[in-house]
Protein chains: 2
Amino acid sequence: MSERVTMADVAREAGVSKMTVSRVVNKKGEISPTTREHVLEVIKRLGYRPSAIARGLATNRTGTIGLVVPDIANPFFSEIARGVEDKAYAADYNVFLCSTYEDPRRERAVLNSLEEKLVDGLLLCSSRLAQDDLASVMDDFAAVVLVNRTVKNDDASMVRVDSVLGGRMATEHLLAAGHRAIGFLTGPSTSFDGRFRVTGYHQALAEAGLAPRADWQQGCTSNVQGGLEAAHELLAGHPELTALLCYNDLVAVGALQACSQMGRRVPEDLAIIGFDDILMAALVTPALTTCRSAQYEIGFQAMRLLLDRIHGCRGGCEEIVLPPELIIRASAP
Amino acid sequence: MSERVTMADVAREAGVSKMTVSRVVNKKGEISPTTREHVLEVIKRLGYRPSAIARGLATNRTGTIGLVVPDIANPFFSEIARGVEDKAYAADYNVFLCSTYEDPRRERAVLNSLEEKLVDGLLLCSSRLAQDDLASVMDDFAAVVLVNRTVKNDDASMVRVDSVLGGRMATEHLLAAGHRAIGFLTGPSTSFDGRFRVTGYHQALAEAGLAPRADWQQGCTSNVQGGLEAAHELLAGHPELTALLCYNDLVAVGALQACSQMGRRVPEDLAIIGFDDILMAALVTPALTTCRSAQYEIGFQAMRLLLDRIHGCRGGCEEIVLPPELIIRASAP
DNA sequence: CTGTTAGCGCATTCAA
DNA sequence: TTGAATGCGCTAACAG
C-alpha cells in the first residue's frame, strides 16, 4: 500500500485549487470541459481515491447504513439481507451487516459502533433488546426502520410479518386436522416474534375451547440444535402430544431429527409445523409444513422505507405489515 | 435524534481542555482520578458519544475490517463469517460484511467502497475477480487476507482448503466404489475452488487410467436451483453416468432434487457427492456424502492472520492450508 | 498531570 | 467558471 494521494496532491499537480478537484469528483457546479478533462486525467494518473472518512466528517453523511440481525447463519435473515443489499446497492448505499448471534450485549455493542461510525440509517431486525433499551438506542440514530419488532417509541418506520396471525393460522390448521394436544417450541425468550406466534396459538386454542398448557410450551435456542434438544425434552415428558409448532424452520428441522431418533414418525405420530419457509424447509424429509414470510420482500421494503426516512420524508412513519402464508407440505398435511 | 454533543462541549462544560477529555475517553496517559471522575460525569450527563469518523480521520485507523463473500445466503460463507466476527469482536474490531452475490462488478464496487472507508484490513473470500484485477485491488489495502483464492502477488496472507486434494478424495471414493462414469457439476467458472476441485478430479481419474470427458462436466450457478437445472441437463444428456460430483452442497442438494424428479434413485442409480458439509448436508434425504472444510475455523484463522498483518507483523505472509475431510453418508456410501 | 498548537482530507461558505 | 478561507471532531506532538 503506497502513500495515500489526497485532493491537495491532485490540485497541485493539476495546477488548480482543491475546490475545482472537489467539483470534478462530485460532479457539482459548472466546470469548463477543458479543466475537467485535465483534472480527471491527473486523478487517474496519480491514482487518487477520495477518502470517505474525510468526506463524512465534512458532510455528516457517510453513504452507509447499518443492518443488524440476530443470526446471519439463519437463512431467514440472509434472505432479508439480500433484499436490503439489492435495494441499497441500487441507491448507492453501503451496508454494514452485523450479526449479534442472539446476544443482547453484542447487539448493544454493535449498535454502539454503528452510531459512532455515523451511519446514515439503521435497519434493525428482530431486536433482542428490552423495550427501554431499544427505545433509548433508537434515539442515537437519525433514521431507523424496525423489522419484526415493535416498540413504544413511534419514531421509526416498520416492516413486519403478522406473527400473531401466523401463529393462529398454523394452530388452526392443526386443529382442523383433529389435533388437540399441540405443543410449541417457542424459541428464545428475547424474540418478540416468538411471543406473537404464541399469542396467535393461544387465540386459536381459545376459539376451539381449549386452554393453553404451560407444560406443552418450551423455549429453545433458534437453531437446529436447539430444536433437537428441546424436542427431545418436550416429547419425552409429554408423549401425549400429537402435534408440534416450532419457532422457526431451523427449530422444526431439529424437531424432525429428534423424532427420527426417538422413533416417532412424522406426520403419523407427530405433526410438525415451522415458520419462515426457508429453502431447507422444502428439502428435508418429510418436507416441512410452514408459515411463510416473504423474506426478500421484507428486506427490500425495509430498505425502501429507510431511504425515505434518510431523505427526510419523516412525515408518516410508515408501517408495512406483510401477511404470512401457510405452506402445507408433508410434515403436517 | 438531538444535536450531536462534541468533545468540545464536554471540555467546556467540565472546565478542562479537549485533550483531557480525549485522554479520559481513550484511557490514555495519566490523569488525576478527580478530574477523570468529573469528566466522566459530564460525558454521561451530556450524553457524549465520540465520533469514529473524526477519530478515523485523525488517526488513520478505523477499527473496522471488510469481509467480502460471494454469497452470504450460502451457509458455507455465513459460517466463515461467524468465525471472523467472533475473533473480530474479541479484538474490538467491527466487521463490514459485504456479499457480492457472485457478481464481479458488484465485488469491485464493494471493494472500492471499503477502500474509501479506510478499513484497517480486508478479508476477501473466494474472490471472483480475474488475477490482474485482484492484484491491483489488493494494492489499495493496508492489510489483506485471502480465503480460498490464490493470486500472483504474494503480499497477502492466506487461508485455504486444499481443494485439489478434496477433488481427488471425492473422486477416489467413487472410483473405489467401482464407478467409472463420473460427472461433475463444476459451479461458476469464476470460482477458483471449483477449478481446483476439477483438477483433483482429473488427477484421480488419470491415476485410475481414465481420461476426463468434457461432456461429463458442466458449469452451474452456485445454489440449489443451479444444481437442479444443471443436473437435469447433464443427466438427460448422459444417462450413462453412475456418479456425480457437485461443486458444493447446495448444488448437490439441487442434484438430489433433480434425481427425485427424474426417478433416479440415489445412491442406487446415481451416487452424489458434494463439498463443504453445510448443515443441510446431513439433513436431506438421502444424507449427502461431502467433502468437509472447517468453515468456522477458516474464518477464525483468517481473522487472526489479518490482525497480525494489521498490527505490523508483515514479515512472513503466512499461509494456512486446511485439510478437507470426506464425510461419508448415504448419497455415496 | 494538563493545556496549546497543528492538522487529518474534504466540502461549504463566500468572493473574485 | 474558479479560488481562498474556514471548520467538521478528533488526536499527536510538544510544552508547561
Side-chain angles (χ1 to χ4, degrees), chain A residues 1-40 42-43 46-64 113 115-120 140 142, chain B residues 1-40 42-43 46-64 113 115-120 140 142:
Chain A
M1 161 126 147
S2 38
E3 264 319 286
R4 174 161 276 269
V5 177
T6 79
M7 192 171 259
D9 298 328
V10 175
R12 190 178 333 104
E13 180 76 11
V16 298
S17 75
K18 289 195 293 178
M19 202 48 238
T20 304
V21 179
S22 174
R23 286 194 178 101
V24 170
V25 169
N26 297 305
K27 306 182 196 356
K28 269 190 183 173
E30 299 301 291
I31 279 212
S32 89
T34 332
T35 53
R36 136 164 301 139
E37 290 311 317
H38 180 219
V39 169
L40 282 175
V42 174
I43 284 177
L46 265 48
Y48 165 71
R49 320 282 304 277
S51 157
I53 294 283
R55 178 183 291 153
L57 187 59
T59 61
N60 218 18
R61 304 192 327 94
T62 56
T64 301
S113 299
E115 197 276 333
E116 290 183 353
K117 294 198 159 55
L118 297 184
V119 292
D120 295 338
D140 295 339
Chain B
M1 163 126 145
S2 37
E3 265 319 288
R4 174 162 275 267
V5 177
T6 79
M7 191 172 262
D9 298 329
V10 176
R12 189 178 335 104
E13 180 76 11
V16 298
S17 75
K18 288 195 293 176
M19 205 48 234
T20 303
V21 179
S22 173
R23 287 193 178 102
V24 170
V25 168
N26 297 303
K27 306 183 198 350
K28 269 189 184 172
E30 300 299 288
I31 281 212
S32 92
T34 332
T35 52
R36 136 165 301 137
E37 290 311 317
H38 180 218
V39 169
L40 283 175
V42 174
I43 285 178
L46 265 48
Y48 165 71
R49 321 283 305 275
S51 158
I53 294 282
R55 178 184 292 152
L57 187 58
T59 60
N60 218 21
R61 304 192 326 95
T62 56
T64 302
S113 299
E115 196 276 334
E116 291 183 353
K117 294 200 159 54
L118 297 184
V119 292
D120 295 338
D140 294 339

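The basis for the numbers below is simple: all heavy atoms, side chains too, and nothing from hydrogens, waters or symmetry mates. We name chains A, B, ... by the order of the sequence lines, and we start the count at 1 in each one.
- For the helix from C/dC1-D/dG16 to C/dA16-D/dT1, the angle separating the two terminal helix axes comes to 30°, with each axis derived from five pairs and the value rounded to 10°.
- Heavy-atom minimum distance, A/Ile53 versus B/Leu118: CG1-CD1, 3.7 Å.
- Residues B/Ala14 and B/Val42 come closest through the heavy atom pair CB-CG2, 3.8 Å.
- Residues A/Asp140 and B/Arg49 meet the side-chain proximity criterion, which asks for heavy atoms closer than 4.5 Å.
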Enumerate the protein-to-nucleotides 4-9 of chain D contacts in which both atoms are nitrogen or oxygen and the separation is below 3.5 Å.
| unit_1 | atom_1 | unit_2 | atom_2 | d |
| --- | --- | --- | --- | --- |
| D/dG9 | N2 | B/Ala54 | O | 3.4 |

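- A donor-acceptor distance shorter than 3.5 angstrom exists from the side chain of B/Thr59 to the backbone of B/Arg55, with no hydrogens or angles considered.
- To the nearest 0.5 angstrom, B/His38 atom NE2 is 14.0 Å from B/Arg36 atom CZ.
- Protein chain A contacts DNA chain C over a range whose 5' and 3' limits, counting nucleotides with an atom under 4.0 angstrom from a non-hydrogen atom, are C/dG9 to C/dT12.
- A heavy-atom distance below 4.5 Å is found between the side chains of B/Glu116 and A/Pro50.
- Smallest separation of non-hydrogen atoms from A/Tyr48 and A/Val25: CE2-CG2, 4.0 Å.
- Within the nucleic acid shown, A/Val25 has no heavy atom closer than 4.0 Å to any nucleic acid atom.
- Within 6.0 Å of CG in B/Asn60 there are 12 or fewer heavy atoms belonging to other residues, nucleotides or ligands.
- When all heavy atoms of A/Asp120 and A/Gly63 are compared, the closest pair comes out as OD2-N, 2.7 Å.
- Between atom NZ of residue A/Lys27 and atom OG of residue A/Ser22 there is a gap of 11.5 Å, rounded to the nearest 0.5 Å.
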